**Student:** 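This is the structure I have questions about; it appears just below.
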Amino acid sequence: MSDPIFGRKISNDRNLEIILINDFNSVDIRKLAIYDALILDYTDRDGCSRFVRQCRNSMIGTIYLMPIFILSINHEIDKVMEAMSDGVVSSVQIEAIISRIDRIRLRQDQLVSVDSSSPDIRILTKAMRFMFTRETRLTPVVDHKSHIGYNFPVISDHYDQTNLKEMFQLFETATEKEYFRSRFVDKLHVCSSCYSSFLNFRETCPKCESADLVTENLIHHFVCAYVGPEHDFLSGDYLVCPKCNRMLRHIGVDYDKPSLIYNCKNCSHVFQEPVMEAFCFVCKKNNSIDSLIDVPIYSYELTPIGEETAQNGPSRDVAEDVSIPGFITATTFNIFLKYEIERAKTSKESAAGSLVIRLSPRTRENMGSNYNRMMLEIADFVKNATLSTDILSLVNSNTFLFISPETNRERLDGLINQIKGSVIKLLESSLPGIDIEISVQTVTIDGSLPQNDVLTQLIGSGR
Amino acid sequence: MLFGFWEDFFYYIQHEGFERIINLFWYFFYLEAPRFILMDLIVLAVIVWPSKKRKLKYEAARNAFFAENPLISIIVPGKNEGEHIFALVTGFREQTYSNIEFIIVDDGSTDDTYTICRNLKQNGLIDIYLRNEERGGKASAANLALRYATGKYIVHVDADTSFDRDAIESIIIPFYLDSRVGAVGGNIKVRNSKDSILSSLQAIEYLQTISVGRMVTAYLGIYKIVSGAFGAFRRDLLDRLGGWDIGPGLDGDITVKIRKLGFKVAFEHRAVGLTQVPVTLNKLSNQRLRWSKSLIRFRFRKHNDIFMPSQAFTFSNFFALFDNIFYNLILDVLWFYYFVDLIVNNLEFLLFIIPLKLIIYSVSSYIQFFVVLSLSERRRQEMRLLYYIPLMMVYNGYYMRIIRSMAYVKEIFWYSSYNDAWNPAKSSKKAKEFGL
Ligand SMILES: [Zn+2]
Ligand SMILES: [Zn+2]
Ligand SMILES: [Zn+2]
């Protein structure tokens with residue numbers, strides 16, 4: 001391939017299409033999909049930053065998932081930029097980045113193309129795919145340009161600064177659906193009308209709302225019971241009681257300072273409890289402290305279910321919108337699993353298992369809506385082959401999960417493998433030559449493994 | 001049999017003769033009757049008898065007051081009064097006089113006072129709310145309120161007192177009746193008189209000693225205590241005095257000081273506040289022990305200059321203190337002598353003396369009570385107390401006297417009020433050191 005007009009190709013022994021770009025104005029990002037990776041020269045900071053954003057903000061998988069490296073000699077790079085890229089390099093010695101590119105490309109190949117109508121689902125899919133291909137957490141970066149003070153790389157830009165509430169709702173949903181596992185980072189107090197955390201906290205007069213306040217200690221003279229502000233007593237360097245003219249020598253013995261008093265210079269109101277207000281620099285609203293919204297900030301990691309979903313896209317019809325009789329949702333399954341683990345600590349052990357059906361991305365795309373019909377058929381079969389006491393769930397349209405209470409692992413293992421054999425026979429007779437892979441996993445539930453480890457063993461491994 | 005007793009009883013009286021009976025009950029006839037019954041009747045005749053001139057003068061004073069419309073600062077120092085504050089503050093919205101500011105000083109409360117006051121303040125029902133995390137004592141709390149009060153008159157109220165709708169205007173008008181008035185005491189009655197026999201007896205006691213008793217002392221110019229539960233003061237005078245000194249007995253103390261400045265202290269029976277009194281004997285005893293101790297401390301120790309010829313000396317101040325000390329302290333000692341003497345020398349007639357005594361005291365109590373009723377604005381409600389009057393002899397004559405004597409003995413010999421929980425240790429220690 002000849003040198004592109006907007007960059008210079010970096011030759012490498014792996015024959016990867018890697019180009020170095022330093023003039024960002026002439027680049028048409030739609031034409032970038034043919035490259036394996038980009039190296040961006042950070043000399044033109046603004047241009048480079050704008051370009052990175054442009055790529056990552058795209059909704060086209062091949063664009064937003066593009067491995068991007070930033071070339072900077074002195075490494076002084078904006079933290080958000082750094083987080084949006086795949087790394088910073090100080091030279092075009094690309095050996096160091098090749099393995100990273102390979103890894104990203106390898107994981108990218110596992111993605112099934114999905115088409116989703118809802119913008120929320122599209123952004124969620126994007127977040128999960130970015131996390132999946134980079135094998136990284138979604139971690140907020142401190143960013144003073146953001147109204148909340150944090151930027152979620154690749155995601156934040158999709159939301160209007162004044163509408164970040166929707167972004168947090170999306171994260172919450174993803175956590176509820178067990179796609180994400182959250183880890184606490186920080187807690188914000190944000191403006192109730194615009195979600196900004198750019199606030200000025202100030203003490204104001206409860207009567208006239210002025211912030212022009214002075215504070216003073218009260219002094220209580222024990223012997224005569226006079227109480228007044230410190231200036232009543234001040235006489236040069238000494239404290240002399242205005243009531244009894246005695247000199248105050250020793251705090252705790254002659255006098256004490258029972259409290260602090262506020263004086264409003266605007267309306268001369270006297271009080272002890274100023275009203276705390278938070279003035280929003282963005283929308284200019286005066287928030288009372290109680291009305292501020294608490295927003296916990298988490299970083300997110302993909303769960304095994306999330307990884308599965310990242311590859312196949314969030315399920316749209318099967319086991320999601322249409323509930324299959326006898327099957328429970330992933331969330332409910334998790335709850336059952338948790339109880340079962342607790343129960344097994346003191347009682348008879350149980351077994352859990354999984355049956356994951358994998359088609360190559362191409363096969364699945366070719367099947368179209370037939371795929372769902374097939375899965376429903378398999379679900380029906382699974383249900384009939386198991387006991388009524390078994391707990392069943394279908395996750396991501398391809399993963400069957402089982403809990404067999406008070407059963408040993410061998411029985412469940414035998415059962416699921418039996419199902420596997422039947423399913424393969426069924427599929428091969430109806431769809432000859434189908435490219436299918438079915439994996440079976442089973443675990444003993446005896447209370448020794450926590451819930452997440454059980455799930456990882458069932459779904460996470462074997463890929 | 002019963003008839004036989006009364007026959008013997010009347011025979012006994014006839015046989016003894018009136019002179020002998022009067023001598024037998026000399027304590028009552030020579031000391032108590034003139035001071036309490038005669039005075040009541042005289043004062044009733046002089047002050048309360050309807051007079052057109054007095055009525056016009058009162059109207060003029062009231063008009064002058066409403067025309068000036070001065071700001072009145074209501075100050076409420078207190079600890080753990082949370083349960084009363086809401087009723088107090090909302091009750092004040094019913095007052096006929098409205099130019100008032102409300103200042104509450106929370107002296108280290110550990111109950112929900114803070115939450116309640118904060119709420120009331122947010123709703124604009126309290127003007128100033130100040131809180132000391134650590135208790136400083138009632139005087140310092142009152143002084144703090146005084147320091148930030150801006151009204152021309154200060155009305156000191158206790159949080160557990162509630163008020164008639166015209167209580168504020170009634171307590172302020174005396175300042176406009178006579179410019180030499182420096183302080184006005186309000187009339188305190190009992191709100192929970194129906195709770196127990198004991199609270200009914202206290203209701204009678206309050207009516208006799210406060211409603212009528214203070215009217216008499218005020219008329220004689222020897223009124224001694226402007227009650228902290230309901231009292232009004234000119235703020236300029238309180239400022240000159242630097243407010244209250246450490247208690248107990250700070251109410252009496254501030255009254256004496258105002259007299260010493262040369263001002264009159266008035267009592268206004270029309271300004272009515274209702275208070276909650278102890279219902280059980282135990283609580284009542286504790287309350288009265290504390291009150292009595294203060295008498296010694298403040299009359300004798302602190303203001304003994306009143307008995308000495310000096311600048312502060314005036315006859316009415318002297319009499320005010322003398323009356324208090326004479327009737328409470330000296331007479332108590334005398335009474336024990338009288339009581340023992342009566343029994344020892346008339347052992348064989350004891351059966352007659354006891355009912356006779358009961359009759360004499362009840363009659364005198366009824367006379368006093370009719371004076372009370374003739375003055376009262378809530379006569380109908382107070383009528384029921386008539387049933388309890390015969391018990392007043394036991395209440396006043398024995399119970400109160402014993403409590404009082406206990407307090408005096410303790411206070412005189414052991415200075416016990418300095419150790420009371422009334423004041424925080426830091427203040428008590430200092431007060432003792434300076435001999436206050
Ligand atoms: Zn002092
Ligand atoms: Zn103000
Ligand atoms: Zn705002």
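Everything numeric here is computed off the predicted structure, so don't read it as measured data. In the text below, chain A, chain B and the rest are named by the order of the sequence lines, each starting its count at 1.
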**Student:** Taking all non-hydrogen atoms of both residues, which atom of N132(B) and which atom of P258(A) are closest, and how far apart?
**Tutor:** OD1-CB, 3.4 Å

**Student:** Are more than 12 heavy atoms from other residues, nucleotides or ligands located less than 6.0 Å from atom OH of Y339(A)?
**Tutor:** no

**Student:** Taking D127(B)'s backbone N and O only, do any of them form a donor-acceptor pair with K207(A)'s side chain (distance below 3.5 Å, no angle check)?
**Tutor:** no

**Student:** For the residue pair K243(A) and D245(B), establish whether any side-chain heavy-atom pair is separated by less than 4.5 Å.
**Tutor:**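 SC-SC contact between K243(A) and D245(B) confirmed.
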
**Student:** Using non-hydrogen atoms and a 4.5 Å limit, figure out which bit of R240(B) sits close to chain A: side chain, backbone, both or neither.
**Tutor:** neither

**Student:** So for L241(B), is it side chain, backbone, both, or neither that comes closer than 4.5 Å to the heavy atoms of chain A?
**Tutor:**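 When you check distances to chain A, only backbone atoms of L241(B) fall under 4.5 Å.
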
**Student:** Do any of residues 267-296 of chain A come closer than 4.5 Å to chain B, heavy atom to heavy atom, and if so which ones, in number order?
**Tutor:** H269(A), V270(A), F271(A), Q272(A), E273(A)

**Student:** Quick one: of E133(B), R131(B), Q122(B), who has the most non-hydrogen atom pairs under 4.5 Å with chain A?
**Tutor:**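 The candidate making the most pairs under 4.5 Å is R131(B).
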
**Student:** Do you know which of A142(B), G243(B), S140(B), A141(B) has the most heavy-atom pairs under 4.5 Å to chain A?
**Tutor:** S140(B)

**Student:** Output the residues of residues 226-239 of chain A for which the shortest heavy-atom distance to chain B is under 4.5 Å, in residue-number order; output 'none' if no such residue exists.
**Tutor:** Y226(A), V227(A), G228(A), P229(A), H231(A), D232(A)

**Student:** Among I128(B), L146(B), T150(B), single out the residue with the greatest number of heavy-atom pairs under 4.5 Å to chain A.
**Tutor:** I128(B)

**Student:** May I ask you to check whether over 12 heavy atoms, not counting those of F168(A), lie within 6.0 Å of atom CZ?
**Tutor:**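 Buried by this count: over 12 neighbours within 6.0 Å.
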
**Student:** Do you know which two heavy atoms are closest between F222(A) and I246(B), and how far apart they sit?
**Tutor:**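 Here F222(A) and I246(B) meet closest at O-CG2, 3.7 Å.
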
**Student:** Contact part of Y129(B) toward chain A, heavy-atom cut-off under 4.5 Å: side chain, backbone, both or neither?
**Tutor:**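 The backbone, not the side chain.
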
**Student:** Considering residues at least two apart in sequence or located in another chain, which fulfil the ring pair (Phe, Tyr, Trp, His ring centres under 6.0 Å) criterion with F102(B)?
**Tutor:**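 F102(B) satisfies ring pair (Phe, Tyr, Trp, His ring centres under 6.0 Å) with F92(B) only.
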
**Student:** Please say whether more than 12 non-hydrogen atoms of neighbouring residues, nucleotides or ligands are located less than 6.0 Å from CZ in R183(A).
**Tutor:**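 Incorrect, the count does not exceed 12.
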
**Student:** To the nearest 0.5 Å, what is the distance between CD1 on I261(A) and CG on L144(B)?
**Tutor:** 6.0 Å

**Student:** Where is the tightest heavy-atom contact between G136(B) and H220(A), given as atom of each residue plus distance?
**Tutor:** O-CE1, 3.2 Å

**Student:** According to ring-ring contact (aromatic ring centres under 6.0 Å, His included), does anything in residues 140-163 of chain A pair up with another residue at least two apart or in another chain? List the pairs.
**Tutor:** F152(A)-F171(A)

